[in-house]
Amino acid sequence: MKPIKVTLAQLDFTVGAIKRNTDLIVATLAQYQDSDLVVFPELAITGYPPEDLLFRDDLEALVDQSLNEIAAAAEHNLAVVGHPQRVGNELYNSVSVLHRGQCLARYHKQRLPQYGVFDEQRYFIPGHDTGVFSWQGHRIGLLICEDLWHAEPLSQLRTEGVDLILALNASPYEVDKHQQRMHIMQQRISEAHIPIIYVNNCGGQDELVFDGHSLVMNATGDLVAELPHCQPTCASVRCDSHGITLIDQDIKPHAQDRLAEIYQALVLAVKDYVGKNGFKGVTLGLSGGIDSALTMAIAVDALGADKVHAIMMPFRYTSQMSQDDAAEQARTMGVKYDVVAIEPIYDAFMQQLGPLFVGTSADTTEENLQARARGTLLMAVSNKTHSLVLTTGNKSELAVGYCTLYGDMNGGFAPIKDVPKTLVFALARYRNQAAEVIPDRVITRPPSAELAPDQKDEDSLPAYDVLDKILTLYVDQDWSPNAIIDCGFDEAEVLRVVRLVDINEYKRRQGAVGPKITSRNFGKDRRYPITSHFRYELERQVQARSSHEKN
């Protein structure tokens with residue numbers, strides 16, 4: 001058994017950009033000619049997830065052409081690369097080992113995830129055979145992502161006497177998931193006593209963020225290498241009879257702060273969504289509130305101040321404090337900043353609508369008109385400057401419908417869509433640790449939409465620390481209202497929150513896409529019907545129990 005050098009290519013592959021992805025793979029092979037193996041992520045050639053692009057007849061020829069080009073380029077090393085592979089009428093999620101124009105081995109993914117954001121059984125069929133190849137005296141096994149979360153695929157490799165496992169991944173980020181990955185790897189290693197090299201994708205793709213964090217563990221489950229979070233990186237290890245050692249000593253295992261990981265994931269999501277979709281920059285409404293303040297900080301960190309345009313759109317209910325704080329943050333962060341009053345627009349709306357509103361009293365209609373005037377202004381600037389409007393709503397507000405269709409929901413990307421309100425505050429404080437870019441009173445004062453005199457969010461919603469706990473149980477964990485009430489929450493408050501969540505599905509369907517960071521985001525993770533009377537069944541269950549307890 002000779003020593004071999006293995007390079008982990010934790011890179012950013014763009015969905016559908018087959019030529020660009022192929023060029024990146026070929027360039028990496030040339031850069032690491034002295035490596036025996038260069039390992040790329042799952043479906044690197046097409047990017048992940050390619051979704052219904054896989055149904056296209058013209059995709060297969062492009063993938064085959066890419067495989068031939070990579071195989072020819074792998075003259076001095078072996079390319080271990082993920083791609084879709086059609087065999088007759090069957091499509092597989094595959095990995096190929098390519099060298100000097102040849103395919104030395106090919107493996108088809110056995111465990112196809114069909115939950116949350118994953119929909120692989122829609123496209124692929126599972127493989128059944130193991131993937132093993134030999135190089136320089138090593139017997140090397142292949143796995144793809146979900147295969148590692150199940151004991152059987154690795155057990156099959158163990159029976160074939162492999163001494164090293166390469167696991168190709170496209171595992172999207174969510175809070176605390178990295179710890180789950182490490183636990184699973186240690187569990188598999190404890191069962192098989194085989195070292196694992198885990199290579200993950202790194203980059204933003206619509207609502208998904210691939211955080212990298214590739215790992216190398218030796219046969220005893222000890223961590224040898226951990227690549228950076230949310231940073232495309234290559235690193236090499238040496239594998240020999242004594243185990244695995246890290247060659248790039250500047251890449252070391254590290255403990256990452258939880259808030260730092262979340263913030264970096266949001267920054268990467270904005271950077272890649274804007275860049276990959278060809279926008280020149282972003283525009284957002286800066287209200288002087290916490291949500292828009294955090295959104296702007298993320299945008300500046302992702303794109304640079306020169307690509308961010310903030311617009312304050314005051315109305316008669318906008319406090320001077322909000323206007324001052326918005327101007328201060330814009331000045332501190334160096335973004336382009338404009339003030340456009342919406343009162344003339346609002347008055348024009350009300351004048352035209354006056355005959356239709358005769359005999360009615362003011363309600364949320366007038367509040368929504370303010371938001372819609374602002375949304376129209378932002379979209380006009382977006383059209384004129386070819387910039388992307390960032391919406392600034394958080395997960396808590398989106399859950400209960402505390403947002404206005406065609407108003408503050410206008411836009412193309414929602415950076416904090418999956419960030420609960422309590423986490424918004426925590427992230428704002430975290431960002432200010434590096435430099436105080438968000439005025440302190442934006443963080444400390446009670447949140448308000450400022451759509452009515454002296455308005456506060458808690459006038460119409462539970463306190464956010466209570467609301468977020470109820471939402472976590474009902475939305476993220478699918479608890480019943482009775483179970484939530486049993487945890488000590490007020491019955492009427494729980495029923496109210498559940499009702500708000502259920503009746504506002506129609507709004508969420510029309511909202512902008514935004515990065516997933518929790519275990520259950522509004523989007524592919526949680527797919528509920530718009531027309532549904534299930535909430536009445538839930539209310540009846542609570543009422544029935546209350547009635548029984550009184551009797």
Side-chain angles (χ1 to χ4, degrees), residues 1-13 18-47 63-83 85 94-107 131-144 157 162-170 194-202 212 214-216 218 224-225 227 232-251:
M1 181 186 295
K2 296 181 180 179
I4 59 171
K5 179 179 177 181
V6 180
T7 294
L8 292 73
Q10 174 183 293
L11 300 174
D12 186 348
F13 294 95
I18 296 177
K19 179 65 167 64
R20 176 192 176 279
N21 295 339
T22 303
D23 290 346
L24 180 58
I25 292 168
V26 169
T28 305
L29 291 173
Q31 183 179 353
Y32 292 92
Q33 290 186 35
D34 61 338
S35 292
D36 292 274
L37 286 78
V38 182
V39 186
F40 299 91
E42 175 182 12
L43 293 182
I45 288 177
T46 58
V63 171
D64 288 344
Q65 180 181 336
S66 173
L67 287 169
N68 291 334
E69 186 175 343
I70 295 167
E75 183 177 354
H76 303 287
N77 41 28
L78 275 63
V80 183
V81 60
H83 60 93
Q85 179 66 39
S94 305
V95 52
S96 291
V97 181
L98 307 172
H99 182 56
R100 295 186 176 177
Q102 301 296 318
C103 178
L104 304 185
R106 180 165 286 157
Y107 168 71
V132 179
F133 68 99
S134 297
W135 189 255
Q136 303 288 12
H138 294 265
R139 283 184 61 76
I140 302 170
L142 299 168
L143 294 176
I144 303 177
L157 292 175
V162 303
D163 56 80
L164 176 64
I165 290 172
L166 306 177
L168 284 67
N169 295 266
I194 304 169
I196 299 175
I197 295 176
Y198 170 105
V199 182
N200 195 25
N201 192 26
C202 185
S214 301
L215 298 166
V216 180
N218 62 24
V224 174
L227 273 61
T233 308
C234 291
S236 301
V237 295
R238 174 187 171 96
C239 306
D240 56 30
S241 57
H242 301 292
I244 303 181
T245 54
L246 179 63
I247 295 174
D248 302 286
Q249 293 302 321
D250 58 329
I251 297 176

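For the numbers below, each heavy atom of this structure counts, side chains included, while hydrogens, waters and symmetry mates do not. Sequential numbering from 1 along the given sequence is applied to the chain's residues.
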Any heavy-atom pair between the side chains of [Y] and [X] that's under 4.5 Å?
{"X": "V97", "Y": "Y107", "result": "no"}
{"X": "I4", "Y": "I140", "result": "yes"}
{"X": "C103", "Y": "L67", "result": "no"}
{"X": "V216", "Y": "P195", "result": "no"}
{"X": "D240", "Y": "R238", "result": "yes"}

Is there a donor-acceptor pair closer than 3.5 Å between any side-chain N or O of [X] and the backbone N or O of [Y]?
{"X": "Q33", "Y": "H76", "result": "no"}
{"X": "D36", "Y": "V6", "result": "no"}
{"X": "N77", "Y": "Y32", "result": "yes"}

Could you tell me which non-hydrogen atom of [X] sits nearest to which non-hydrogen atom of [Y], and how far apart they are?
{"X": "V95", "Y": "H83", "answer": "C-NE2, 4.1 Å"}
{"X": "V132", "Y": "R139", "answer": "CG1-NH2, 3.4 Å"}
{"X": "D12", "Y": "P232", "answer": "CB-CG, 4.2 Å"}
{"X": "I144", "Y": "S94", "answer": "CD1-C, 3.7 Å"}
{"X": "A44", "Y": "V81", "answer": "CB-CG2, 4.2 Å"}
{"X": "E75", "Y": "H99", "answer": "O-CE1, 3.3 Å"}

Can you tell me how far the [atom1] atom of [X] sits from the [atom2] atom of [Y], to the nearest 0.5 Å?
{"X": "I197", "Y": "L168", "atom1": "CD1", "atom2": "CG", "answer": "10.5 Å"}
{"X": "E69", "Y": "L98", "atom1": "CD", "atom2": "CG", "answer": "12.0 Å"}
{"X": "L37", "Y": "L78", "atom1": "CG", "atom2": "CG", "answer": "5.0 Å"}
{"X": "I45", "Y": "I25", "atom1": "CD1", "atom2": "CD1", "answer": "5.0 Å"}
{"X": "L142", "Y": "R106", "atom1": "CG", "atom2": "CZ", "answer": "11.5 Å"}
{"X": "L166", "Y": "C239", "atom1": "CG", "atom2": "SG", "answer": "8.0 Å"}

For this session: Given side chain to side chain contact (heavy atoms under 4.5 Å, CB included), test N21 with T46 step by step and report yes or no.
Result: CA-CA 7 Å; N21 295 339; T46 58; 5.8 Å; no

Problem set entry | Qualifying residue, where the test is side chain to side chain contact (heavy atoms under 4.5 Å, CB included) with F40 and the options are L29, L8, V80, L24 |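 The option that passes is L29.
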
